[in-house]
Amino acid sequence: MDHPDTAPTVGAVIERLKRQFTEHGVASPAEDARILTGGLLGLDLTALIVHADRPVSDDDEARISAAANRRCCGEPVHRILGARGFFGLDIRLSEATLEPRPDTETLVETALPLAREAVARTGGCSILDLGTGSGAIGLALLTGVGAATGVATDISAVALRTARLNAGRLGLADRFETVESDWFAAVSGTFDLIVSNPPYIPSGEIAGLEPEVRNFDPRWALDGGADGLDAYRAIARGAAGHLRSGGQLVLETGFDQHAAVIRLFDDCGFACRARVRDLGGRDRVLVLAPADEG
Ligand SMILES: C[S@@+](CC[C@H](N)C(=O)[O-])C[C@H]1O[C@@H](n2cnc3c(N)ncnc32)[C@H](O)[C@@H]1O
């Protein structure tokens with residue numbers, strides 16, 4: 001065991017990782033070095049600065065080195081840590097779940113006021129999260145709206161197990177139900193809000209994605225079929241039968257898919273109520289409702 005005076009400090013370990021990541025061509029070496037070291041030592045970014053001179057034990061250094069080697073082989077930092085922050089929540093990941101993206105917070109920000117309106121109107125809000133993965137969207141909405149209840153679906157039973165684990169850790173299990181389902185196939189009942197971030201990458205574009213995405217996010221969470229729109233077709237076909245009066249859909253799309261998705265829903269009797277851009281200024285979220293309720 002290193003003597004505390006000779007053991008590397010937190011700051012020195014971060015610097016070493018930064019150099020190692022730079023040599024291996026990791027895209028954001030400094031950020032990844034901080035996230036990985038902080039995540040493994042249980043220190044947030046402020047604590048990393050405050051405790052920069054703290055010695056790192058042999059065991060911790062070995063864990064950090066092993067994790068750094070995985071990062072150099074292309075594994076994303078949050079996959080290595082098995083968790084990522086989403087809308088202020090600590091969301092656990094598994095091999096069956098997509099790593100939730102910051103862009104998806106735009107969907108949550110769009111849906112939250114609609115959920116609160118439903119509560120103001122009816123005293124509650126039932127939310128259906130289609131393709132929930134880790135549960136990130138549904139759980140963020142339930143955290144923000146105490147009177148809401150959620151049903152979360154996925155085609156992957158393993159993803160649903162992770163979503164339930166997250167619901168339990170966040171104290172939301174009593175308002176969060178999961179259903180294994182191919183879109184609406186096993187869903188019963190009607191909802192005030194239907195939310196979804198479905199797979200929307202055209203199949204032919206998967207091979208050209210960044211290796212971090214292509215090799216670590218599950219393919220079925222990314223692949224939207226030949227034109228990327230298969231999931232929207234299924235959701236458009238089934239939505240009318242599962243929306244309450246005054247209900248709305250809030251959907252994430254690819255940055256160039258708004259017009260095509262609006263057309264698909266128009267064919268099924270829905271009108272677009274809002275188009276929302278993400279923080280990068282790209283089209284990202286659609287709000288849709290039955291055209292005859294306009
Ligand atoms: C883009 S990921 C989104 C995951 C999560 N909602 C998020 O935003 O991080 C799409 C999700 O849809 C699920 N999925 C794929 N095909 C499905 C289907 N036919 N029926 C239901 N869910 C499906 C995947 O398992 C995955 O969890």
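Indexing begins at 1, ligand by ligand and atom by atom, following the structure's order.
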Closest non-hydrogen protein atom to [atom], residue and atom name please, with distance?
| atom | value |
| --- | --- |
| atom 2 (S) of ligand 1 | Ala221 O, 3.4 Å |
| atom 22 (N) of ligand 1 | Ile155 N, 3.3 Å |
| atom 25 (O) of ligand 1 | Asp154 OD1, 2.5 Å |
| atom 19 (N) of ligand 1 | Asp182 OD1, 2.8 Å |
| atom 17 (C) of ligand 1 | Trp183 CZ2, 3.4 Å |
| atom 15 (C) of ligand 1 | Trp220 O, 3.2 Å |
| atom 21 (C) of ligand 1 | Ser181 O, 3.2 Å |
| atom 4 (C) of ligand 1 | Gly131 O, 3.4 Å |

When hydrophobic residues are tied together by side-chain contacts of less than 4.5 Å, even through go-betweens, does [X] share a cluster with [Y]?
| X | Y | value |
| --- | --- | --- |
| Val151 | Leu112 | no |
| Leu243 | Leu193 | no |
| Leu249 | Tyr200 | yes |

Practice item. Can you establish whether the number of heavy atoms outside Glu293 located under 6.0 Å from its atom CD is more than 12? Key: yes
Revision key, fill the gap. Note: Ile194 and Leu130 closest approach over all heavy atoms is CG2-CD1, 3.7 Å
Point to revise | Numbered atoms and elements of ligand 1 in range of Pro199, under 4.0 angstrom, heavy atoms | key: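 Counting atoms of ligand 1 from 1, those under 4.0 Å from Pro199 are 10 (C), 12 (O), 15 (C).
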Exercise for review: Report, in ascending order of atom number, the atoms of ligand 1 lying under 4.0 Å from any heavy atom of Pro100.
Suggested key: 9 (O)
Practice item. Over 60° means perpendicular and under 30° means parallel, so classify the ring planes of His242 and Phe191, tilted if in between. Key: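 Rings of Phe191 and His242: tilted, as their planes differ by 30° to 60°.
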Check your understanding: So does Glu23 pair up with Lys18, basic N to acidic O under 4.0 Å?
Key -> no
Check your understanding: Are the charged groups of Arg282 and Asp103 less than 4.0 angstrom apart, N to O?
Key -> yes
**Study point:** Per atom 5 (C) of ligand 1, closest listed option by heavy atom (Leu98, Asn197, Thr132, Thr104)
**Key:** Thr132
Check your understanding: Do any heavy atoms of Thr153 fall under 4.0 Å from ligand 1?
Key -> no
